[in-house]
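Notes for the one structure printed next.
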Amino acid sequence: MKKNYPYYNCNKINNLKEMLDISIEKGNDTAFIYKDKTKTYFDYYNDVTNMSNYLYKNYKNEHIAIIGENSYNYLVLFLSIIISGNVAVVIDKDLNEEKINELLKISDCKHIFSSSYSEINKGKKIEDIEKYIEEGKKYSNNNILDENKKAVIFFTSGTSGPNKAVMLSQKNIANNIYSASCLFKPNGLVLSVLPYHHAFGLLTGVFAPFNYHCPVFINNSIKNIIRDMKTSKPQVLFLVPAFVEKFYKQIWTQAKRKKMQYLLKAVIRTSNGLKHLGIDVRRIMFKSILDEFGGNIEYIICGGARLSKKYVKIFRSFGIEILNGYGITECSPVISVNRNEYYRDGSVGQVVKDGLVRIENGEIVFKSDSVMLGYYKDKKNTEESIKNGWFYTGDLGYIDEDGFLFITGRKKNIIILSNGENVSPEEIENVLNADKAVCEVVVTVQNEKLVAIIYPVDTYIDDQNYFDKLIYEYNKTVPKNRQIAYVILRNEEFIKNNNRKIIRSKIYEK
């Protein structure tokens, strides 16, 4: 790892129309690959321009929902809605009809483009937008751009309460694309996996590489991810921890099936030893593993939830650098990320360019042009979250002497014991999760005692003796107020939301 170094040079943009206009400087280059079709920057520019013409002709300052799987048409529609002066409302396609109806009502959304054909979605089909693009050639878009007005509504995941409608402007999004890209630079193809209703998946995983003129291969279904990695041969993946944990499990499961797990461990030790001496043979020694990712993989940008350091270290042994980042939808979304060649394990990286972070009573507070306009028609929550331009994230953390940000927990998750002691369950979970036998862990309180609920990896299911010893060893290293009274084992993973975050309220209810 090098010392910190100057920001990367990337296109400075003030709004998304500028990003689109700049993109055609290399118009014949590949912008997107989707279902064996290649689209250039010229193709995307023309499709967005004509689709925005159609929308401007037929809709004025309307909230238009997009409900569908990842696709090229989705990306055309998203930017077209914004450039036509309307507001794009992105909704998770996997929600049930009752929930979708609720979000449509919250966001005052009467117009829908969808890839679902249920009764709720009687609007236009995303798959049919080619005919609207063609029709748009007859019109022009005379919209006077206001980069400060609301352009997009994303919904929060709802892990700690009702879904909130986050209003982002073009200026918010453009600033975040630029300021985050100054820290991390992709140098090859990016495989887009995360769902586009997720700000990280859409804004960071697609439009940040687009602004760097890096081609984006669109994966439209998680079940095709292995196939798409081998086909697209990506240099970069943007993922949430659940994917990393799944890949890790698959690697070791395959090694065990071939009775090569001990050999793999030995090779890892040898490779790490050679690298320490300045000899890097990882891409040779672990070629079979890297080939499962397409052969060209160098970086995984990981965000959305906590990731144990054990995964970062093991993937580094294979030759893949996992760069943890931190963001929140309300901040468009990136607040910090580890850099290509300047990172610190356990941290979520350096704060984005032109962004400011301070720690107030343990809480991470962020200020930047990326901070949202507010929650739609929710003045109370907006005023509680934004004060004098500073956004109160609700996350707890600290910044070290080199400017690396660390997350220690969630303010709402703090456990207050009967003696008045405050305990962050995430701090304990981070320690326990580093153990080889722990797949998932949640620390909670029962009868005024701390309890660890653990979902083990397959080979340790029901091994109560092992985990009792683990807790015993852990307790010897911490003060009494952080000691675990006992451990409860699960034989199935925790309930999660659609962004693969554990829903703690479900555990507490149970």
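Quick caveat, the model's predicted, so the values are computed rather than measured.
Partners of Asn70 by side chain to side chain donor-acceptor pair (under 3.5 Å), not counting sequence neighbours: none found. For the side chain to side chain contact (heavy atoms under 4.5 Å, CB included) test, residues two or more places apart in sequence or in another chain that qualify with Ala174 are Ile13.
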**Report entry** Verdict with reasoning, Tyr326 to Asp395, per side chain to side chain donor-acceptor pair (under 3.5 Å)
**Finding:** CA-CA 10 Å; Tyr326 166 59; Asp395 291 309; 2.7 Å; yes
Query - Glu330 and Thr156: CA distance, side-chain angles, deciding distance, side-chain contact (heavy atoms from CB on, under 4.5 Å) verdict - result: CA-CA 8 Å; Glu330 289 91 334; Thr156 59; 3.5 Å; yes
Requested in this report: Would you please test Thr49 and Asn46 for side chain to side chain donor-acceptor pair (under 3.5 Å) and show each step?
Outcome: CA-CA 5 Å; Thr49 298; Asn46 290 329; 5.4 Å; no
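For the pair Leu77 and Asn73, the minimum side-chain heavy-atom distance is 4.5 Å or more. Counting only heavy atoms from C-beta outward, the side chains of Val244 and Ile300 approach each other to under 4.5 Å. Taking 4.5 Å as the limit, every side-chain heavy atom of Thr408 sits out of range of all side-chain heavy atoms of Glu426. Contact check for Ser71 versus Ile126: side-chain heavy atoms found under the 4.5 Å cut-off. With contacts defined as side-chain heavy-atom distances shorter than 4.5 Å, the pair Met167/Met372 does not qualify. By the 4.5 Å heavy-atom criterion applied to side chains, Leu237 and Ile301 are not counted as neighbours. Counting heavy atoms from C-beta on, the side chains of Cys331 and Ser368 never come closer than 4.5 Å. Counting only heavy atoms from C-beta outward, the side chains of Glu429 and Val431 never approach each other to under 4.5 Å.
Using modelled atom types, no side-chain atom of Asp47 and backbone atom of Ile133 make a donor-acceptor pair closer than 3.5 Å. With Thr30 contributing its side chain and Phe32 its backbone, the two residues share no donor-acceptor pair below 3.5 Å. The main-chain N or O of Asn211 is found under 3.5 Å from a side-chain atom of Asn11 such that the two form a donor-acceptor pair. Between the side chain of Ser80 and the backbone N or O of Val48 there is at least one donor-acceptor pair closer than 3.5 Å. With hydrogens and angles disregarded, a donor-acceptor distance shorter than 3.5 Å links the side chain of Asn53 to the backbone of Tyr139. Using modelled atom types, no side-chain atom of Gln235 and backbone atom of Leu189 make a donor-acceptor pair closer than 3.5 Å. In this structure, Ser385 contributes its side chain and Thr382 its backbone to no donor-acceptor pair below 3.5 Å. Judged by distance alone, the side chain of Asp400 and the main-chain N or O of Phe404 form a donor-acceptor pair under 3.5 Å. Looking at Asp43, its side chain does come within 3.5 Å of a backbone N or O of Thr40 through a donor-acceptor pair. Proximity of a side-chain donor or acceptor of Glu18 to a complementary backbone N or O of Asn14 within less than 3.5 Å is detected.
Contact between Ala180 and Val352 at its shortest, heavy atoms only, is CA-CG1, 3.9 Å. For the pair Val348 and Ser336, the tightest heavy-atom approach, listed with the atom from each and the gap, is O-OG, 2.9 Å. The two atoms that bring Ile322 and Val312 nearest to each other are O-CG1, 3.9 Å, heavy atoms only. Closest heavy-atom contact between Asn388 and Lys367: O-NZ, 3.5 Å. Of all non-hydrogen atoms in Pro186 and Pro209, the two that sit nearest each other are CG-CA, 4.5 Å. The two residues Ser181 and Tyr212 come nearest to each other via the heavy atoms O-OH, 2.8 Å.
Side chains of Tyr376 and Asp108: a donor-acceptor N/O pair is present below 3.5 angstrom, by distance only. Counted by atom type alone, Asn172 and Ser169 present one or more donor-acceptor pairs between their side chains at under 3.5 Å. Side chains of Asn176 and Ser370: a donor-acceptor N/O pair is present below 3.5 angstrom, by distance only. In the model, Tyr54 has no side-chain atom that pairs as donor or acceptor with a side-chain atom of Lys137 under 3.5 Å. Under 3.5 Å, the side chains of Ser115 and Glu69 contain a donor-acceptor pair of N or O atoms. Asn50 and Glu134 are not linked by any side-chain donor-acceptor pair at a separation below 3.5 angstrom, with hydrogens and angles left out of the test. For the residue pair Asn219 and Asp228, a side-chain donor N or O sits within less than 3.5 Å of a side-chain acceptor on the partner.
Geometrically, Lys124 engages Tyr132 in a cation-pi contact, judged by NZ or CZ lying under 6.0 Å from the ring centre and within 45° of the ring axis. Both tests do not hold together for Lys39 against Tyr44: distance to the six-membered ring centre under 6.0 Å, angle to the ring axis within 45°. No cation-pi contact links Arg339 to Tyr343, judged by a cut-off of 6.0 Å to the six-membered ring centre and 45° from its axis.
Between Glu102 and Lys99 there is a salt bridge, since a side-chain N of the basic residue sits under 4.0 Å from a carboxylate O of the acidic one. Between Lys164 and Asp378 there is no salt bridge, since no side-chain nitrogen of the basic residue lies less than 4.0 Å from a carboxylate oxygen of the acidic one.
In this pair, Phe200 and Phe238 present their aromatic rings perpendicular. The plane angle is above 60°, beyond the 30 to 60° band.
Atom CD1 of Ile399 is separated from atom CD of Gln350 by 9.5 Å, given to the nearest 0.5 angstrom. Between Asn413 atom CG and Leu396 atom CG the span is 9.0 Å, to the nearest 0.5 Å. Note: Arg410 CZ to Arg306 CZ = 14.0 Å, rounded to the nearest 0.5 Å. To the nearest 0.5 Å, atom CD1 of residue Ile407 and atom OG1 of residue Thr393 are 7.0 Å apart. Note: Leu20 CG to Phe207 CZ = 9.0 Å, rounded to the nearest 0.5 Å. Atoms CD1 and CG, on Ile297 and Leu191 in that order, are 8.0 Å from each other to the nearest 0.5 Å.
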Distance-only criterion, 3.5 Å: show the donor-acceptor pairs between side-chain atoms of residues 60-67 and protein atoms not counting sequence neighbours.
{"from": "Lys60", "atom 1": "NZ", "to": "Tyr56", "atom 2": "O", "distance (Å)": "2.2"}
{"from": "Asn61", "atom 1": "OD1", "to": "Lys149", "atom 2": "NZ", "distance (Å)": "3.3"}
{"from": "His63", "atom 1": "ND1", "to": "Ser107", "atom 2": "O", "distance (Å)": "2.6"}

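In summary, of the residues considered (Tyr34, Tyr196, Phe113), a ring pair (Phe, Tyr, Trp, His ring centres under 6.0 Å) with Tyr74 occurs for Tyr196 alone. Tested against Tyr392, the residues Glu360, Glu384, Glu363, Lys387 include a single side-chain hydrogen bond (donor to acceptor under 3.5 Å, both in side chains) partner, Glu360. Between Phe293 and the choices Tyr299, Phe243, Phe247, the ring pair (Phe, Tyr, Trp, His ring centres under 6.0 Å) rule is met once, by Phe247.
Ring pair Phe154/His198: centre-to-centre distance not below 6.0 Å. Outside the 6.0 Å centre-distance limit, the rings of Phe391 and Phe366 are not counted as a close aromatic pair.
The environment of Ile222 atom CD1 is sparse: at most 12 non-hydrogen atoms of other residues, nucleotides or ligands sit within 6.0 angstrom. Atom NZ of Lys12 is surrounded by more than 12 heavy atoms from other residues, nucleotides or ligands within 6.0 Å. Around the NZ atom of Lys57, the shell of radius 6.0 Å holds no more than 12 heavy atoms that belong to other residues, nucleotides or ligands.
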